[in-house]
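Keep in mind that what you see is a predicted model, and the values were worked out from it rather than measured.
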Amino acid sequence: MASLRCRRDLCGVICLILTYFSVFYADYVVIQYVLIPAYADSLWGTLHGSLFNLVLLLLLACHSKAVFSDPGMVPLPDTALDFSDLRSQSSRMNERGCEGWTVCSRCETYRPPRAHHCRVCQRCIRRMDHHCPWINNCVGELNQKYFIQFLFYTGIASLYSMVLVVWAWVWRIRNEREGDADKEGEETPSKHLIVAHYIILLVESVLFGVFVTVIFYDQLVSIITDETPIEQMKNRLMIKDRRPSSSSLSSASSQQPPHHLPHITRKPKLALLREVFGRGSVFCWLLPLHSSPPSVGGITYSALPDYDV
């Protein structure tokens with residue numbers, strides 16, 4: 001039921017409609033007003049049309065997977081937790097090797113490390129990145145791969161459509177100067193309509209292209225640094241709260257010997273990328289194929305610990 005509540009989010013539904021409308025509008029303009037007039041008697045029109053529609057097909061496939069896939073919702077227990085015995089439950093979890101698990105008071109369930117509660121989905125999401133209205137779903141451990149692929153193909157489609165529109169516009173201006181000089185003063189409604197479609201598609205491509213490029217970069221940074229935006233914000237707040245004032249720092253440094261911060265061992269960047277995109281070939285990273293969920297510290301997040309209620 002939580003997933004249904006998520007799908008009923010008004011902002012998410014509007015963004016879904018806007019996404020699909022933008023994709024189909026871009027395909028309509030590219031085919032009807034770019035490729036057919038400019039490449040009517042050439043194989044380049046068929047080639048560009050096939051490639052552009054292939055990119056859009058992959059874009060829609062990745063978007064659908066991101067929308068309808070489970071982002072990594074923590075399963076709910078069959079019976080409610082006994083919060084009065086929370087301390088003893090935590091000790092039992094530590095003995096069973098489930099360190100880092102916490103309790104969500106909203107879901108009333110245990111959640112694994114790096115899981116956070118989403119107020120829109122009303123569920124705890126494993127390794128939650130953020131709730132994205134453009135997919136009307138959370139970006140979490142199990143669908144982050146599809147979300148990044150959607151961003152990638154949206155950027156490719158935006159760049160491809162901009163190149164095609166600019167080339168068709170140049171081709172049209174060149175033909176008007178060379179072959180239609182006698183009709184220079186004639187203004188037809190179809191010409192204004194074509195120019196309007198070109199401008200709208202260019203604006204759409206630039207806006208979506210810049211938008212997804214920024215988010216795509218942010219997603220890659222969060223993967224290779226092994227920190228979600230929520231974790232980055234929490235870490236910054238913790239560092240800010242623990243940072244002493246300049247006066248106390250100078251007095252403490254004069255009384256205590258200097259010490260070094262503990263060394264944090266980080267995974268290689270390729271290993272972190274494989275946790276998200278799968279351990280297969282790099283070519284498969286570009287396809288919306290299912291990959292097995294990762295396990296961290298020997299704990300597979302797909303199951304809850306054996307807690308007592």
Practice task
List in chain and number order the residues that pass salt bridge (charged side-chain N to carboxylate O under 4.0 Å, His left out) with D27, two or more places apart in sequence or in another chain; answer none if no residue qualifies.
Solution key: none
Completion exercise
ring-ring contact (aromatic ring centres under 6.0 Å, His included) filter on W171, not counting sequence neighbours, yields none
Problem - Side-chain heavy atoms of E231 within contact of M128, under 4.5 Å - result: no
Handout entry: pair F24-Y20: side-chain heavy atoms closer than 4.5 Å
Key = yes
Practice task
Go through the structure and list residues passing side chain to side chain donor-acceptor pair (under 3.5 Å) with N143, not counting sequence neighbours.
Solution key: none
Completion exercise
Sorted by chain and number, sequence neighbours left out, ring-ring contact (aromatic ring centres under 6.0 Å, His included) with F216 holds for none
Problem - With sequence neighbours excluded, residues passing side chain to side chain contact (heavy atoms under 4.5 Å, CB included) with L47 - result: W44, L51
Fill in the blank from the handout: d(T19 OG1, L60 CG) to nearest 0.5 Å is 10.0 Å
Problem - Where at least one partner belongs to residues 145-160, residue pairs that pass side-chain hydrogen bond (donor to acceptor under 3.5 Å, both in side chains), sequence neighbours excluded - result: H48-Y160
Problem - V74 backbone acceptor or donor facing R123 side chain under 3.5 Å - result: yes
Practice task
Identify the heavy atoms of T109 and P75 that sit nearest to each other, and give their distance.
Solution key: OG1-O, 3.6 Å
Practice task
Just jot down the side chain to side chain donor-acceptor pair (under 3.5 Å) partners of Q144, sequence neighbours excluded, or say none.
Solution key: Q219
Exercise for the section: Kindly give the heavy-atom pair with the smallest separation between C118 and I125, and that separation in Å. Expected result: CB-CG1, 4.3 Å
Practice task
Look at the side-chain heavy atoms of Ile, Leu, Val, Met, Phe, Trp and Tyr, link any pair under 4.5 Å apart, and say whether V55 and L57 land in one connected group.
Solution key: no
Exercise for the section: List the steps and the verdict of side-chain contact (heavy atoms from CB on, under 4.5 Å) for N137 and V67. Expected result: CA-CA 6 Å; N137 199 0; V67 170; 5.6 Å; no
Exercise for the section: Could you tell me whether the side chain of N53 and the main chain of G49 form a donor-acceptor pair under 3.5 Å? Expected result: yes
Problem - Flag side-chain contact, heavy atom, 4.5 Å: C124 against M73 - result: no
Exercise for the section: Just jot down the side chain to side chain contact (heavy atoms under 4.5 Å, CB included) partners of F283, sequence neighbours excluded, or say none. Expected result: S281, L287
Handout entry: Distance (rounded to the nearest 0.5 Å) between I148 CD1 and L220 CG
Key = 5.5 Å
Practice task
Any chance you could measure H63, atom NE2, to L16, atom CG, to the nearest 0.5 Å?
Solution key: 5.0 Å
Handout entry: L273 vs W285 side-chain heavy atoms within contact, under 4.5 Å
Key = yes
Exercise for the section: For Y217, check ring-ring contact (aromatic ring centres under 6.0 Å, His included) against everything at least two apart and list the hits. Expected result: none
Practice task
For C132 and F147, work out which heavy atoms get closest and say how close.
Solution key: SG-CE1, 3.6 Å
Exercise for the section: Return the minimal non-hydrogen interatomic distance between H116 and R114, and the atom names on each side. Expected result: CD2-O, 3.5 Å
Contacts table for residues 194-213: side-chain donor-acceptor under 3.5 angstrom, sequence neighbours left out:
{"residue": "H197", "atom": "ND1", "partner": "Y25", "partner atom": "OH", "Å": "2.8"}
{"residue": "Y198", "atom": "OH", "partner": "Y33", "partner atom": "O", "Å": "2.6"}
{"residue": "S205", "atom": "OG", "partner": "S161", "partner atom": "OG", "Å": "2.7"}
{"residue": "S205", "atom": "OG", "partner": "L201", "partner atom": "O", "Å": "2.8"}
{"residue": "T213", "atom": "OG1", "partner": "G209", "partner atom": "O", "Å": "2.6"}

Exercise for the section: Only counting residues at least two apart or in another chain, list the ones meeting side chain to side chain donor-acceptor pair (under 3.5 Å) with Q32. Expected result: none
Handout entry: Test side-chain contact (heavy atoms from CB on, under 4.5 Å) applied to L18 and W134, step by step
Key = CA-CA 9 Å; L18 182 60; W134 295 101; 3.7 Å; yes
Handout entry: Side-chain donor/acceptor of D9 to backbone N/O of P133, under 3.5 Å
Key = no
Handout entry: Sub-4.5 Å side-chain heavy-atom contact between S222 and E227
Key = no
Problem - Donor-acceptor under 3.5 Å (S42 side chain, G45 main chain) - result: no
Exercise for the section: Could you pull out the closest heavy-atom pair between G12 and N136, with the gap in Å? Expected result: CA-OD1, 3.4 Å
Fill in the blank from the handout: Residues passing the ring-ring contact (aromatic ring centres under 6.0 Å, His included) test with F152, sequence neighbours excluded, are none
Handout entry: P229: which of V139, D218, V221 passes side chain to side chain contact (heavy atoms under 4.5 Å, CB included)
Key = D218
Practice task
Flag yes if more than 12 heavy atoms outside L43 fall under 6.0 Å of its CG atom; otherwise flag no.
Solution key: no
Completion exercise
Looking only at heavy atoms, the pair that brings C107 and C104 closest together is N-SG, 3.3 Å
Handout entry: R126 side, atom CZ; R111 side, atom CZ - distance, nearest 0.5 Å
Key = 13.5 Å
Practice task
Enter the distance from I135:CD1 to S64:OG here, rounded to the nearest 0.5 Å.
Solution key: 11.0 Å
Practice task
Would you give the length of the straight line joining atom CG of D226 to atom NZ of K269, rounded to the nearest 0.5 angstrom?
Solution key: 12.5 Å
Handout entry: Same cluster (ILVMFWY, side-chain, under 4.5 Å), I173 and M162
Key = yes
Exercise for the section: Check whether any side-chain N or O of D129 sits under 3.5 Å from a backbone N or O of G140 as a donor-acceptor pair, and report yes or no. Expected result: no
